[in-house]
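Scroll down for the structure; my scribbles are underneath it.
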Amino acid sequence: MDILKQLADTFLDWKAMGEVIPKMFAVGLPNTLVLAIISGIIGTALGMLLALMGISRNAAARWIARVYTDILRGLPPVLTILVIGFGFGPIVREFTGSTSPYPMAVAALSLMSGAYIGEIFRSGIQSVDKGQLEASRALGFGYGASMRLVVVPQGIRRVLPALVNQFIALIKESSLVFLLGLLASEREIFQIGKDAAATTGNLSPYVAAAVFYLALTIPLTHFVNWIDARLRTGRPEKKEPDEAAAVVGKGAQA
Amino acid sequence: MSEFASGTLSAKNIHLSFGSNHVLRGIDLHVPQGTTASVIGPSGSGKSTLLRVMNRLIEPDQGDILLDGRSVLKDNPDELRRRIGMVFQQFNLFPHKTVEENISLALRKLRKLSKEEARSQALEQLDLVGLKHKAESRPANLSGGQQQRVAIARALAMKPEVMFFDEATSALDPELVKGVLSLMADLAKGGMTMVVVTHEMGFSRNVSDTVTFMDAGVVVESGPPEQIFTAPRTDRLQGFLSDVL
């Protein structure tokens with residue numbers, strides 16, 4: 001079967017793969033993880049800020065959050081990365097002397113994911129029953145403390161699955177930073193695969209890259225499902241019908 | 001022989017509108033120290049809103065609120081609310097915290113108690129409502145009646161001068177109502193100043209010192225329970241009582 005052999009040669013050339021895999025472990029995987037994790041952390045912090053601004057009583061704060069979110073969420077990631085990387089790169093270079101596009105890549109990914117994560121947090125916080133804020137304020141907590149201690153923690157819990165999905169998207173989107181022309185030591189999984197494919201004329205390095213991505217994203221997908229199920233059913237705990245057992249209220253027949 | 005350091009609460013000529021909807025139209029309510037005032041009336045009459053105005057969860061458009069004879073409208077509302085405990089129809093326990101943490105949270109953060117001290121006071125309050133053995137449970141694993149008793153313990157832990165109950169038993173299954181009502185009756189007997197918005201006419205009649213009947217944002221009739229329940233003077237109260245009794 002010529003076709004099968006041709007496909008196998010194109011996609012499953014073990015030699016081509018074997019050459020690229022050590023480099024993916026040594027350079028590509030760490031870079032993908034660094035890009036995704038740092039942007040994930042900055043994006044989460046930015047998202048929380050945007051969410052709190054979005055539900056603030058201050059109209060200007062709400063407006064800023066709205067406009068920011070609409071723009072960053074509405075643009076194709078490739079465009080945002082190019083615009084931020086090439087547009088702001090020279091300015092950063094002027095101030096810091098750094099020519100590496102790496103920080104701009106992190107910035108672009110963070111700014112994009114911040115917009116999405118902001119919407120996730122906002123929906124979570126707004127889904128918390130109004131009675132929670134009311135009860136907290138009735139105890140004597142101010143608005144800020146009530147949000148911090150009572151409302152926001154519950155809101156985050158509810159949107160953990162959506163948040164992990166966003167991290168999965170971030171891992172995938174980090175592949176787009178190859179557009180900025182990273183140094184050899186800064187290349188992430190996709191670009192290493194792409195470079196190897198270009199030099200060998202064989203697509204097997206892409207398959208190797210795919211395996212690396214799936215090894216990161218599939219466990220996260222299942223982690224989402226696990227959290228989801230856990231949130232829905234809760235930790236099992238035995239209920240006991242002890243309303244009658246507790247001796248309270250001798251004044252009932254007053 | 002009061003167990004509580006309770007105070008006298010008065011609302012004077014309270015007005016409140018939401019847009020064009022005039023919800024409270026000049027409400028007066030006087031609750032002397034150590035007494036229980038129950039507020040009855042049909043749904044939408046403004047009873048629950050009145051409670052929220054009296055602890056300034058909602059600011060009144062007009063009128064004054066006095067605690068121990070002093071206006072509290074210029075005070076920090078957060079500090080006022082620390083002096084007034086509130087219990088809600090839907091319990092509103094914090095589901096992400098254990099029962100003990102629900103009670104100790106405010107003690108630690110607002111009363112600035114150490115973790116150990118807050119915990120021991122929380123357990124003490126839980127013991128008073130008969131739920132010390134549930135300290136480490138999550139609210140979701142408690143029955144409605146147990147949750148409401150925890151909510152009462154949470155409010156009491158702040159050592160309030162006044163307690164508000166907003167239809168505290170309306171969301172409970174019938175067999176769980178009695179435990180919560182008897183706890184409330186114990187508090188009243190212990191000398192707590194209480195304002196109880198309720199549909200439980202038995203409680204209103206047997207436990208409270210005064211009964212206030214509200215309808216459409218005004219106090220229609222108010223007086224001792226015997227008078228309200230046996231000799232209602234207005235048609236509106238007579239109609240209401242014949243509907244609910």
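The basis for the numbers below is simple: all heavy atoms, side chains too, and nothing from hydrogens, waters or symmetry mates. Reminder, nothing fancy here: chain letters follow the sequence lines and each chain counts from 1.
- You'll find the side chain of B:Val195 reaches within 4.5 Å of the side chain of B:Leu51, heavy atoms only.
- A donor-acceptor pair under 3.5 Å is absent between the side-chain atoms of B:Glu124 and the main chain of B:Gln121, judged by distance alone.
- Electrostatic pairing of B:Glu59 and B:Arg56 counts as a salt bridge here, judged by a charged N lying under 4.0 Å from a carboxylate O.
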Exercise. Assess whether side-chain contact (heavy atoms from CB on, under 4.5 Å) is satisfied between A:Asn31 and A:Leu182, documenting all intermediate values.
Key: CA-CA 11 Å; A:Asn31 275 319; A:Leu182 299 170; over 6 Å; no

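- Seen from the ring of B:Phe94, B:Arg154 counts as a face-on cation partner, given the 6.0 Å and 45° thresholds.
- Using a 4.5 Å cut-off between non-hydrogen atoms, the part of residues 148-167 of chain A that approaches chain B consists of A:Leu149, A:Val150, A:Pro153, A:Gln154, A:Arg157.
- Classification of B:Asp166 and B:Arg52 as a salt-bridged pair holds, one side-chain N sitting under 4.0 Å from a carboxylate O.
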Quiz prompt | CA sep, side-chain torsions, deciding dist, call: B:Thr198, B:Val39, side-chain contact (heavy atoms from CB on, under 4.5 Å) | solution = CA-CA 6 Å; B:Thr198 187; B:Val39 181; over 6 Å; no

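- Counting heavy-atom pairs under 4.5 Å between each of B:Asn55, B:Leu57, B:Leu187 and chain A puts B:Leu57 at the top.
- Residues of residues 119-133 of chain A lying within less than 4.5 angstrom of chain B, judged on heavy atoms, are A:Asp129, A:Gly131, A:Gln132 in numerical order.
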Exercise. Starting from the C-alpha separation in whole Å, work towards a yes-or-no answer on side-chain contact (heavy atoms from CB on, under 4.5 Å) for A:Tyr68 and A:Leu46.
Key: CA-CA 11 Å; A:Tyr68 177 92; A:Leu46 178 63; 3.4 Å; yes

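- Here the options are B:Val211, B:Asp209, B:Thr210, the test is side-chain contact (heavy atoms from CB on, under 4.5 Å), and the partner is B:Pro225; only B:Val211 passes.
- Under the ring pair (Phe, Tyr, Trp, His ring centres under 6.0 Å) criterion, A:Phe25 pairs with A:Phe212, not counting sequence neighbours.
- At a heavy-atom cut-off of under 4.5 Å, chain A is reached by B:Asp78, B:Arg81, B:Arg82, B:Ile84, B:Met86, B:Phe88 from residues 72-88 of chain B, listed in order of number.
- Under a 3.5 Å cut-off, the side chain of A:Ser146 and the backbone N or O of A:Glu134 do not form any donor-acceptor pair.
- Using a distance-only test at 3.5 Å, with no hydrogens or angles considered, no donor-acceptor pair links the side chain of B:Asp173 to the main chain of B:Glu175.
- Most heavy-atom pairs under 4.5 Å with chain A: of the set B:Gln90, B:Lys109, B:Met158, this distinction falls to B:Lys109.
- Proximity of B:Thr193 to B:Phe4: side-chain heavy atoms (C-beta onward) are nowhere separated by under 4.5 Å.
- The existence of a salt bridge linking B:Lys115 and B:Glu100 is excluded, since no basic side-chain nitrogen approaches an acidic carboxylate oxygen closer than 4.0 Å.
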